[in-house]
Amino acid sequence: MMTKVKPLPETQKAISTSRDGAVFIQIYTDTKITNSNIYIEANNISEHSPLTPSEVNELIVDSPEGIVITHNDQRLVKLSAVVKWNDPKLRDIDPNVSQKARLFESNVEEINHNKELIDERVVASETVKYKSKKAKRDYRKARALIGLESTCEETGKLGTKDDPTEIHHAPREQDSPELAAEESTLKEILRSLHKKVKHGKDNEPFNS
């Protein structure tokens with residue numbers, strides 16, 4: 001089962017773009033590794049993109065869980081979703097629509113190159129390996145305390161010298177580094193099973 005990352009709306013911080021551009025909102029998650037997502041208030045989407053209020057409302061209703069969060073009187077939509085909604089408008093035959101879509105896209109580019117956000121991601125990425133290893137050690141110790149030391153969670157078999165148990169990340173650390181220190185992503189399995197999961201890139205540097 002995929003681990004759900006819980007946003008913490010009380011941590012929100014406004015990030016402005018150009019003078020007349022959209023204001024985006026950074027919100028941290030409840031992960032042990034510092035992680036955040038960028039949102040925009042639902043009411044502001046139509047002001048800064050060619051999406052109409054009715055289109056926005058329809059897209060919000062059809063959105064999967066995790067795209068929209070409500071905090072007090074705010075409806076906040078993940079920027080990554082709004083970028084996808086805006087994309088078809090870039091090719092609209094109406095020049096006014098396509099121009100507004102490009103302006104919104106330029107605001108997003110500005111956020112993507114925000115130095116403070118980039119620096120924060122770099123610092124967070126440097127903690128991934130350490131926190132991941134600590135989480136694995138703690139997970140193994142916790143299992144040992146309840147009599148499950150070196151027991152494979154998939155087969156129930158004990159690890160051996162030739163086939164010891166290893167702590168497996170699901171999803172992989174390389175795919176979801178923000179989850180690398182979450183206990184809910186860890187599982188103790190035999191090395192022979194672990195190899196089949198194809199974690200070949202887990203020891204490569206994390207790219208933010």
Would you indicate whether the side-chain heavy atoms of Ile60 and Val56 approach each other to under 4.5 Å?
yes
Side chain to side chain, Leu117 and Gln26, heavy atoms closer than 4.5 Å
yes
Less than 4.5 Å apart, side chain to side chain, heavy atoms only: is that true for Leu179 and Val5?
yes
From CZ (Arg191) to SG (Cys152), nearest 0.5 Å
13.0 Å
Quiz question: by atom type and distance under 3.5 Å, do the side chains of Asn86 and Arg102 form a donor-acceptor pair?
no
Answer with yes or no whether the hydrophobic clustering places Val128 together with Leu186; edges join I, L, V, M, F, W, Y residues whose side-chain heavy atoms lie under 4.5 Å apart.
no
Got a second to check how far Arg137's CZ is from Lys141's NZ, nearest 0.5 Å?
6.5 Å
Grab the two heavy atoms, one from Pro50 and one from Glu55, that are nearest each other, plus how far apart they are.
O-OE1, 4.0 Å
For Leu190 versus Gly159, what's the shortest heavy-atom pair and its separation?
CD2-CA, 3.7 Å
Give a yes or no on whether a salt bridge exists between Glu166 and Lys195, defined as a side-chain N under 4.0 angstrom from a carboxylate O.
no
Is there a donor-acceptor contact under 3.5 Å linking the side chains of Ser192 and Asp163?
yes
Determine whether Ile118 and Arg121 make a side-chain contact, defined as any pair of heavy atoms from C-beta on separated by less than 4.5 Å.
yes
Do NZ/NE/NH1/NH2 and the carboxylate oxygens of Arg140 and Glu149 come within less than 4.0 Å?
no
Spell out, as yes or no, whether a donor-acceptor pair under 3.5 Å connects the side chain of Asn107 to the backbone of Ala22.
yes
Could you check Val23 against Ile15 for side chain to side chain contact (heavy atoms under 4.5 Å, CB included), going step by step and ending with a plain yes or no?
CA-CA 6 Å; Val23 174; Ile15 302 175; over 6 Å; no
I'd like to check Ile67 versus Tyr39 (side-chain heavy atoms, cut-off strictly below 4.5 Å). Are they in contact?
no
In sequence, state the C-alpha distance, the side-chain angles, and the governing distance for Phe104 and Lys100, and then conclude on side chain to side chain contact (heavy atoms under 4.5 Å, CB included).
CA-CA 6 Å; Phe104 181 77; Lys100 196 168 184 181; over 6 Å; no
Taking atom types as modelled, is there a side-chain donor on Glu178 or Thr31 under 3.5 Å from an acceptor on the other?
no
Determine whether more than 12 heavy atoms belonging to other residues, nucleotides or ligands lie under 6.0 Å from atom CD of Glu10.
yes
Any donor-acceptor N/O pair, Ser98 side chain to Arg91 backbone, under 3.5 Å:
no
If we ignore hydrogens and angles and just use 3.5 Å, is the side chain of His113 paired with the main-chain N or O of Glu109 as donor and acceptor?
yes
Is it the case that the side chains of Thr29 and Asn35 hold a donor-acceptor pair, with the cut-off being a distance below 3.5 Å and no angle test?
yes
Look at Glu188 together with Arg143 and state whether they make a salt bridge at an N to O cut-off of under 4.0 Å.
yes
Sub-3.5 Å donor-acceptor pair from the side chain of Asp175 to the main-chain atoms of Pro171, do we have one?
no
Short question: side chain of Gln12, backbone of Pro9 - any donor-acceptor pair under 3.5 Å?
yes
For Thr11 and Ile27, indicate whether the former's side chain and the latter's backbone hold a donor-acceptor pair under 3.5 Å.
no
Counting only N and O atoms by type, is there a donor-acceptor contact under 3.5 Å from the side chain of Asp92 to the main-chain atoms of Asp94?
yes
Considering all heavy atoms of both residues, which atom of Tyr139 and which atom of Glu153 are nearest to each other, and what is their separation?
OH-OE2, 2.7 Å
Compare all side-chain heavy atoms of Ile189 with those of Thr165 and state whether any distance is below 4.5 angstrom.
no
Is Lys129 paired with Glu173 through a side-chain N to carboxylate O contact shorter than 4.0 Å?
yes
Shortest non-hydrogen contact between Glu182 and Thr185, atoms and distance
O-OG1, 2.8 Å
State whether the side chain of His169 and the backbone N or O of Ala180 hold a donor-acceptor pair below 3.5 Å, judged by distance alone.
yes
Tell me, do Arg75 and Asn57 make a side-chain contact under 4.5 Å, heavy atoms counted?
yes
Quick check against the 3.5 Å criterion: does Ser132 have a side-chain atom that pairs as donor or acceptor with the backbone of Ala181?
no
Are the side chain of Lys131 and the backbone N or O of Lys32 linked by a donor-acceptor pair below 3.5 Å?
yes
If you define the side chain from C-beta out and look only at heavy atoms, does anything of Asn114 sit under 4.5 Å from Glu110?
no
Search all heavy atoms of Tyr28 against all heavy atoms of Lys13 and return the closest pair with its distance.
OH-NZ, 4.1 Å
Work out which heavy atom in Thr127 is nearest to a heavy atom in Ala124; give both atom names and the distance.
OG1-O, 2.7 Å
